[in-house]
Amino acid sequence: MARFSVNLENFFQSDQFGLKSQLSMLSTELSKPYEPATVEPLVYKTWLDEQKFVANPNSPGDPYSIVIPPPNVTGALHLGHAINNTLQDILIRRARMMGKNTLWIPGIDHAGIATQAVVEKQLKEKENKTRHDVGREGLVERIWQWKQQFGDRILMQLQRLGCSCDWSRTHFTLDDQCARAVRETFFKLFRDGLIYRGKRLVNWDIALQTSISDDEIYHETVKTNLWHIKYPIVGRAPSPGIPACGEPGRTGGGGGEGNSRDSTSPGSSGIPGLVESRLPVVNERAQFMTVATTRPETLLGDTAVAVHSEDPRWNWAIGMHVELPLTGRKIPIIADDILVDPKFGSGVVKVTPAHDPNDYAVYQRHLTKPDEIALINILNPDGTLNENAGEKYKGLKRDKARAQIVEDLEAQGLLAKTEPYETQVGHSDRSKTPVEPYLSDQWFVKMAPLAEPALQVVRDGTIKFFPERHAQQYLSWLGEKRDWPISRQLWWGHRIPVWSKRLKMDEGLTGSFELAGLYEAGVDHILDAQQPDSAIVIDAGGTLIGTAKDWRERLKGYRDEIAIYICTTNSLTIADIENYAGFVQDPDVLDTWFSSALWPHSTLGWPDDTADLRKWYPTNVLLTGRDIVTLWVARMVMTGMYNMGNSRDSTSPGIPELVESRLSEDRAKSLGIPFHHVCINPTILDGHGERMSKSKGNGVDPVDIIETHGADALRFTLATMATETQDVRMPVKKMPDGRNTSDKFDFGRNFCNKLWNATRFVLTNLQQHPRLANSRDETSSRLNRDALHPGYCEHLENKYTLADQWIISQFNRSVAEIDTALANYRFDQYAKTVYDFFWRDFCDWYLEAAKLQLKNSATAATTAEVLASLLDGA
RNA sequence: GGGCGGUUAGCUCAGUUGGCUAGAGCGUCGCUUUUACACAGCGAAUGUCGGGGGUUCAAGUCCCUCACCGCCCACCA
C-alpha cells in the first residue's frame, strides 16, 4: 500500500509536473502564476545533470522497458509524436517511481524513401540538380547532413517535451549497431531459405530509369480511349449453333443461347445482371472475343485472355485459344474469377502479366497449375518496345507504338469500337512522366514461416492489443502471408548484404577459366572457410540455395551462365570477395522497415548477448499509431521471434495456465516476442480532420505549444485526449509570429497553474511550522508508510480530523483508480482522476478546511503533516 | 468492393458488464477582486443521447435498419 502513496506523490512531483525539483530550486521566490518557460527548462536540466534517466542493468528492481517508435528524420515532430511520447513517459515515470528498473530507449528512423525524396527535392530546388548529378556517395553525404540537422532537432523536441529517455542509449536505424543487426538477420534468413530473389512489377520511371515507390506517384486524369479489340477464337468446332452443355465448366442449363433466361441455372445464379447483357454478345461468340483496353500496345505482351468461370457467355470457351492479333500467336482462354468481373464490359480481359499488376497476379495464381500462362516483357528500360514486340514495333516509343497498333488493327478489321474514356494514370512525382509497371528482380522474404508464430502469439493473448480491436488488423494482414519485397532501388538505407558475380559454365565446373580464376582468387577458400555460414545462391532460372559447405556440389550440374550470390556477415570476407574476387554488391538497399523491424532487440545490443538485452527484453509495451500496425508492429513480432526466440522449448501447449508472472515471463523470453502489450494511441488530426503528418505539412510543432502553454500543460491535455475510440481533432490558431497554438491547451495550463498555487500555499504554511519544514523528508516517508495506510483511519482517528481522514481516503481511492486506468492504458481516465482529486477534492475542499485547521493550534501540526505528505512535492 | 470507428449541451469530448435526476472542460449568464490561484471562487441555464424499429420492469448502453462523417485496405480490364 505504501506504493500507492509513492505513486500519487510522484505524479505530482515528476510525472507531470516536476514540482519537487522546481520547488526545491525556486522555493525562495514563487511567482504567483505558474511560469513554465522559466521553470521547466531548469527542472529538466536538473534531471539530466543528475542522470535520472540513465539505466543500469545491474540495478535492483524488476525490469520495465519501452522502445520509442523512432520518428522519421524527414522533418520535425508534430503533435502526433507529442501524444505518443507523452503517454510513454507517463508509463515510464510511473514504473520508475514504483521502484522498477526502468529503461526508455530513444532513437530515430532513417526512413529510406521519405528522407531521400525530401533531400532530393531540396537538391532540385536549391541547386537544380538531380541525384545523378551528385552521384550515390554525394547524395548519401547530403542526406547524412540532413539527418544531423533534423535528428538533433527531433531529440531537442523530445527533451523539451520532458521525455525521460535514456539519452545515452540513443539509436539511429542506420547506425553501426543497427547495421550489424540488419546484416545478421538478413544472413540468417538467407541461410534458412527465407530470402529469395524473384521478379516483381515495380513502378518504373522510364525517364529516370529507376523504380519508384507508391508514395512517389500521383494520379492524373487522362483523356484517352477505350479500344475494343476483337480476338479471333481458334480451335473450336466451326458450327456456331453448338449447345453449350457438355462444354468444360458447364454444369447444367438448357444449352446454348436458349437458356439465356434461365437465371436460376447454376451457371448464372450468382451473377445478377447478366441476363440482359448476354444476348447481344451471343452472335459474336462464334468467332471473336472482344476485349476493351486503354493500352492497346500492350497486347503484344498478352499471354492469355481471361473470363469468369461462371459466366455462361464465355465459360464454354475455357481451355480453348484465341489468336492474338498482329502476332499470330495462339494464347489460351483461361478462367480467373478474381481478375474478371463478369458484370463489367464484355466479360473478357486480356492478360499482360509483365505489364500490369493484376495480370501479373493472374500469372502467379496460375503458376504450376495446368493452365499456367507465359510471361512476356515487351519493354526496354527506356520505355521503348523490345524485340519481343516483333520486328515491326521494336524500338518504337510507347505512344508511337500505340498509334501504330491501332492503325494496324483497324486495317485488319479487328477494332470493334473506339470510345472516349477518362482514366487515372500514375505519374512519377519526379519526372512527371507516366509510370510504367515493369518487371524487375527484387529480393523477398518468405512470410509464411515467420507469420505463423506471430499470428499465434496474438491469437492466444501472449501479446495483447489495447484497444483490443486493433488486433484484427494485425491478424488479417499477417494472415495473408504475402511475401515481403525488401529491396528498394534507393541509395539511402542499408545496402543489401549480397555480392554477386556472373560466371560462364560452358566448360563445366573445373574447366571454366573464370571459375578457375575464382579458385585462384580464393573464393572457394572463402566459402569453404566459413563456419556453417556463408550462403550461395545459384540462379539458373529458378533459385537454388546452398550453404558454403555444398556449393561445389551444387555447381556441378550447371553448364550455362550462372550467377553466384554470396551473403556473409564476415567483414573480412566482404573485402575479399569485392576486391579480390571481383564480386559486386547489390546496388539496392533494404526496405526501411527491415531495420525498424529489429528495433526492440537491435537497440538492446543484439546480435551480441548483452546485459541490456537480458535485462530488458522483451519490452513491456509498445505505444504507436494504428497506421503502422501492419508495417511495423507485425514485423517486429516476426523478426523478434525469429531472432530472439528459443524454438527448442517454445510453445508447449501442455503447460496449464499457471498465471505465475514468472512463468509467463520465461515463456515470453523463450518465444522471443518483442513486447507484451501494444497500445494504440489516437491519431491527431488537424482542424479539417486530416491526419497530421510531416509530408502533408499540416503538423503542429509541440514546441510552439510548449512556448505558449508549457510542456506540462501540453502533456496533461494530451493525456486527457487519449481516449480509446476517438481521434483528436486539433483546430489550430496561427500566432502573429507564425507559430501555431490552440486554446485546447488552456485546460492543461489552468490545471498546472492550480497545482502551482496550491503548492505555493502549502509551502508558505509549512514554513510556519519549522519542525516539519526541517524534517520533511522524514515526515513524509513516515506518513507514506503509516498514515496513508487504508487501515489508518480506524486506529488513528483521534489524531486526525474528519477532514484529514476524508482527504486521505480520497487520495487512496484516486490512486487505486489510477492504477486501474493505467493498467488498461486509459490515459484519459488517469488524467481525469488526477484532475478531480487534485482540483475538486484537494483544492476545493481540503485546502479550505486546512485553512481553518491551521489557525487552530490543536490541529495545525497534523494538518500540516497531511498537507505535506499529500503534496510531498516539497 | 472489404474492414473499422464515429454521430451525446453552442464547442471539444467522457459515459466500463443495460440500473439513481445523462456528466466534464470550454463557452454563456449572474454574483465575488475573501490573505494559494481571476489561468480563480460561488451559483445558474443548456440535451427527443443522428433517424426509425425491436428486446426488457428498465436502453445513451443490447439487436435490426436507414442516414451522414471519418479512417484503413483492395480495386476501377
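Worth saying up front: this structure is predicted, and the values here are computed from it rather than measured. The figures that follow rest on heavy atoms only: side chains count, while hydrogens, waters and symmetry mates do not. Each chain gets a letter, A, B and so on, in the order the sequences are listed, and its residues count up from 1.
- Rounded to the nearest Å, the gap between the C1' atom of U46(B) and that of C29(B) is 11 Å.
- Rounded to whole angstrom, the span from the CG atom of Leu475(A) across to the P atom of G3(B) amounts to 16 Å.
- Lys744(A) comes within 4.0 angstrom of the backbone, heavy atoms only, and of no base.
- Going from the P atom of G5(B) to that of G10(B) covers 27 Å, rounded to whole Å.
- Spacing between atom NE2 of His709(A) and atom P of C26(B) amounts to 13 Å, rounded to whole angstrom units.
- For the pair Pro69(A)/Asn84(A), a side-chain contact is recorded, criterion being any heavy-atom separation below 4.5 Å from C-beta on.
- Using a 4.0 Å heavy-atom criterion, one finds that Trp839(A) contacts the sugar-phosphate atoms exclusively.
- Residue Asn750(A) places none of its side-chain N or O atoms closer than 4.0 Å to OP1 or OP2 of C37(B).
- Comparing the C1' positions of G19(B) and A38(B) gives an interatomic distance of 41 Å, to the nearest angstrom.
- Atom-to-atom, CD1 of Ile680(A) to C1' of C71(B) comes out at 14 Å; the value is rounded to the nearest Å.
- One P atom belongs to G60(B), the other to A67(B), and the distance between them is 24 Å to the nearest Å.
- Across every strand in view, G1(B) sits in a pair with C73(B) that passes the Watson-Crick or G-U test at under 3.5 angstrom.
- The shortest distance between the side-chain N/O atoms of Lys754(A) and the OP1/OP2 oxygens of G41(B) is below 4.0 Å.
- Here the C1' atom of nucleotide C11(B) and the CZ atom of Phe747(A) are 15 Å apart, to the nearest Å.
- Across the protein-nucleic acid pair, Asn753(A) atom CG and G25(B) atom P stand 17 Å apart, rounded to whole Å.
- Using a 4.0 Å heavy-atom criterion, one finds that Arg295(A) contacts no nucleic acid atom at all.
- Between the side chains of Tyr231(A) and Asp302(A), at least one donor N or O lies within less than 3.5 Å of an accepting N or O.
- Nucleotide U55(B) has no partner under the Watson-Crick or G-U criteria, as no pair reaches both atom distances under 3.5 Å.
- Side-chain contact between Leu201(A) and Pro357(A) is present, with heavy atoms from C-beta onward closer than 4.5 Å.
- For the P atom pair drawn from G18(B) and C13(B), the interatomic distance equals 27 Å after rounding to whole Å.
- Shown here, G47(B) forms no base pair; nothing in the strands shown gives a Watson-Crick or G-U wobble contact with both key distances under 3.5 Å.
- Taking only side-chain nitrogens and oxygens, Arg749(A) never comes nearer than 4.0 Å to OP1 or OP2 of A38(B).
- Residues Phe745(A) and Thr708(A) form no side-chain contact, since every pair of their non-hydrogen atoms from C-beta on lies 4.5 Å or further apart.
- At the heavy-atom level, Thr720(A) lies nowhere under 4.0 Å from the strands shown.
- Between C64(B) and A59(B), the distance separating the two C1' atoms is 15 Å to the nearest Å.
- Along RNA chain B, the nucleotide nearest Lys350(A) and the nucleotide nearest Gln472(A) are compared for position; the residue whose nucleotide lies closer to the 5' end is Gln472(A).
- Taking 4.5 Å as the limit, every side-chain heavy atom of Thr418(A) sits out of range of all side-chain heavy atoms of Leu226(A).
- Nucleotide A67(B): paired with U7(B) (Watson-Crick or G-U wobble, both distances less than 3.5 Å).
- For U16(B) and A22(B), the C1' atoms lie 15 Å apart once the distance is rounded to whole Å.
- Counting heavy atoms from C-beta outward, His228(A) and Leu414(A) have side chains that stay 4.5 Å or more apart.
- As judged by a 4.0 angstrom heavy-atom cut-off over every strand, Gln829(A) is placed among residues making no nucleic acid contact.
- A40(B): Watson-Crick or G-U partner is U32(B), with both key distances under 3.5 Å.
- Of the two residues contacting RNA chain B, namely Pro357(A) and Gln473(A), the nearest-nucleotide position lying further toward the 5' end is that of Gln473(A).
- The aromatic rings of Phe747(A) and Tyr835(A) lie parallel to each other, their planes meeting at an angle below 30°, with 60° marking the opposite boundary.
- Whole-Å rounding puts the Arg826(A) CZ to A24(B) C1' distance at 14 Å.
- Spacing between A24(B) and C68(B) at atom C1', rounded to whole Å, works out to 27 Å.
- Rounded to whole Å, atom P of C73(B) lies 9 Å from atom CG of Asp627(A).
- Following rounding to the nearest Å, Asp828(A) (CG) and U16(B) (C1') show an atom-to-atom distance of 11 Å.
- With both pairing distances under 3.5 Å, A24(B) is matched to U12(B) as a Watson-Crick or G-U wobble pair.
- Comparing A36(B), C39(B), A14(B) by their nearest atom to the side chain of Thr723(A) picks out A14(B).
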